[in-house]
Amino acid sequence: MPELPEVEVVKRSLEKKILNLIIKKVKINDGNLRYKVKKQEISKLIGLKIKKIKRRSKFLIFKTNKDLLILIHLGMTGKFFFVNKKDKKIKTSFYYELIDEKKEQKHDRVIFFFKDKQKLIFNDIRKFGFIKLYNLEQFIKNSHFKKLGPEPLTKNWNSRYFKNFILGRNRNIKNLLMDQNFISGLGNIYVNEILHKSGIRPTRKVSTLKNYEIKKIVQNTKKTLKVAIKFGGSSIKDFSNEDGKKGTFQQYFQVYGRKGEKCSNIDCNMTITKLVISNRASFFCKACQK
DNA sequence: AGGCATGTTACAGG
DNA sequence: ACCTGTAACATGCC
């Protein structure tokens, strides 16, 4: 499910649910995520209060009231479900009913328990996600953040940075935008959309980009992500936030998954082409994207 | 049955 | 040492 907009949506909804809750118990159904979740280590969380939730790129960080924090990545299929037996609203929502009926779902990997039978479930089908504990000292030098590029929605992501980074390099623009060390938070879907909006073909070598094209890519990155967040992210397959609410940005995809459909640009009669680049599907319009 | 899937990373080759 | 691209991870769906 998760590129930057989806992770941001999850972050915002979790903030409304688990802030200031104390972890009473942690249950590991299957600790074989990207990194092994060990019972002994995760038990250190018991008794700690969740004080703050942050997002960096596609990572979530839960800060506690002690010198211990949780770093989470949703991987490809990671999801959170929050279950609150006392909350009428959630009780009527889709996911509450689902969970209540089935008790536990198949891919519930790790479950955090709070007071009054409230719980936060980390569900991850493919197990590419992870949950890691750090103290502050370790966290500051954690390998995941070492080389991470700028956040796309900050002023650090700009044309000057872009031009400077590509000096002496010559890869294609699709791979560059997917490179988390160049810009952090984008993934396959949003890169496809951004390049279509910018009129740039995914195979374009970065050394051939004109200044105005770089500007367009930077602006369209910000615009696309902002709108996607506004619409609650994209729910392809089964993405949802912890309320079971679905994002709706997938309705606005111009190219992703639209092979053979007509290009959305007015006056363009071309159909969308699919091309695999570096093992990932790329979708683009041959007429509009140069 | 085979191909494909929103991500990351270890490794190979230049 | 740097740069780039590929394959692998685990699981399910079409």
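Numbered from 1 within each chain, the chains take letters A, B, ... in sequence-line order. In this text the structure is predicted, and so the values were computed from the model without any measurement.
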A:Asn175 side chain N/O closer than 4.0 Å to the phosphate oxygens (OP1, OP2) of C:dG5?
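Answer yes for this pair, as a side-chain N or O of A:Asn175 is under 4.0 Å from OP1 or OP2.
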Distance, nearest 0.5 Å, that separates [atom1] of [X] from [atom2] of [Y]:
X: A:Ser282; Y: A:Arg201; atom1: OG; atom2: CZ; answer: 12.0 Å
X: A:Arg160; Y: A:Lys155; atom1: CZ; atom2: NZ; answer: 10.5 Å
X: A:Lys222; Y: A:Gln219; atom1: NZ; atom2: CD; answer: 9.5 Å
X: A:Asp30; Y: A:Lys127; atom1: CG; atom2: NZ; answer: 3.5 Å
X: A:Phe139; Y: A:Ile61; atom1: CZ; atom2: CD1; answer: 4.0 Å

Listed pairs, N/O of protein and of nucleotides 6-10 of chain C, under 3.5 Å:
| unit_1 | atom_1 | unit_2 | atom_2 | d |
| --- | --- | --- | --- | --- |
| C:dA7 | N7 | A:Asn279 | ND2 | 3.1 |
| C:dA10 | O4' | A:Arg126 | O | 3.1 |
| C:dA10 | N1 | A:Arg126 | NE | 2.9 |
| C:dA10 | N1 | A:Arg126 | NH2 | 2.6 |
| C:dA10 | N3 | A:Arg126 | NE | 3.3 |

Would you call [X] and [Y] a salt bridge, taking side-chain N to carboxylate O under 4.0 Å as the test?
X: A:Arg258; Y: A:Glu261; answer: yes
X: A:Glu3; Y: A:Lys58; answer: no
X: A:Arg204; Y: A:Glu213; answer: yes

Mind checking the C1' distance from C:dG12 to B:dT9? Whole angstroms is fine.
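Those two atoms are separated by 23 Å.
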By nearest atom, which of the nucleotides B:dG7, C:dG12, B:dA5 is closest to the A:Lys106 side chain?
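For A:Lys106, the side-chain atoms sit closest to C:dG12.
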Quick one: stems involving DNA chain B, counted as three or more successive Watson-Crick or G-U pairs, both distances short of 3.5 Å.
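Consecutive-pair runs (3 or more) involving DNA chain B: B:2-5 with C:11-14, B:7-14 with C:2-9.
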Can a donor-acceptor pair be found between the side chains of A:Asn123 and A:Lys106 at a distance below 3.5 Å?
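No, no side-chain donor-acceptor contact under 3.5 Å.
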In terms of side-chain heavy atoms, does A:Asn32 have a donor or acceptor partner in A:Lys36 at a distance below 3.5 Å?
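Yes, A:Lys36 and A:Asn32 have a side-chain donor paired with an acceptor closer than 3.5 Å.
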Within residues 184-200 of chain A, which residues have any heavy atom lying less than 4.0 Å from an atom of DNA chain B?
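Result for residues 184-200 of chain A: A:Gly187, A:Asn188, A:Ile189, sorted by number.
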With sugar-phosphate meaning primed atoms plus P, OP1 and OP2, does A:Asp124 contact a base, only sugar-phosphate, or nothing at under 4.0 Å between heavy atoms?
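A:Asp124: no heavy atom of the nucleic acid under 4.0 Å.
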Between A:Asn172 and A:Asp30, which is nearer to the 5' end of DNA chain C once each is assigned its nearest nucleotide?
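Its nearest nucleotide lies further toward 5', so the answer is A:Asn172.
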Of A:Lys205 and A:His107, whose closest DNA chain C nucleotide lies nearer the 5' terminus?
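The answer here is A:Lys205.
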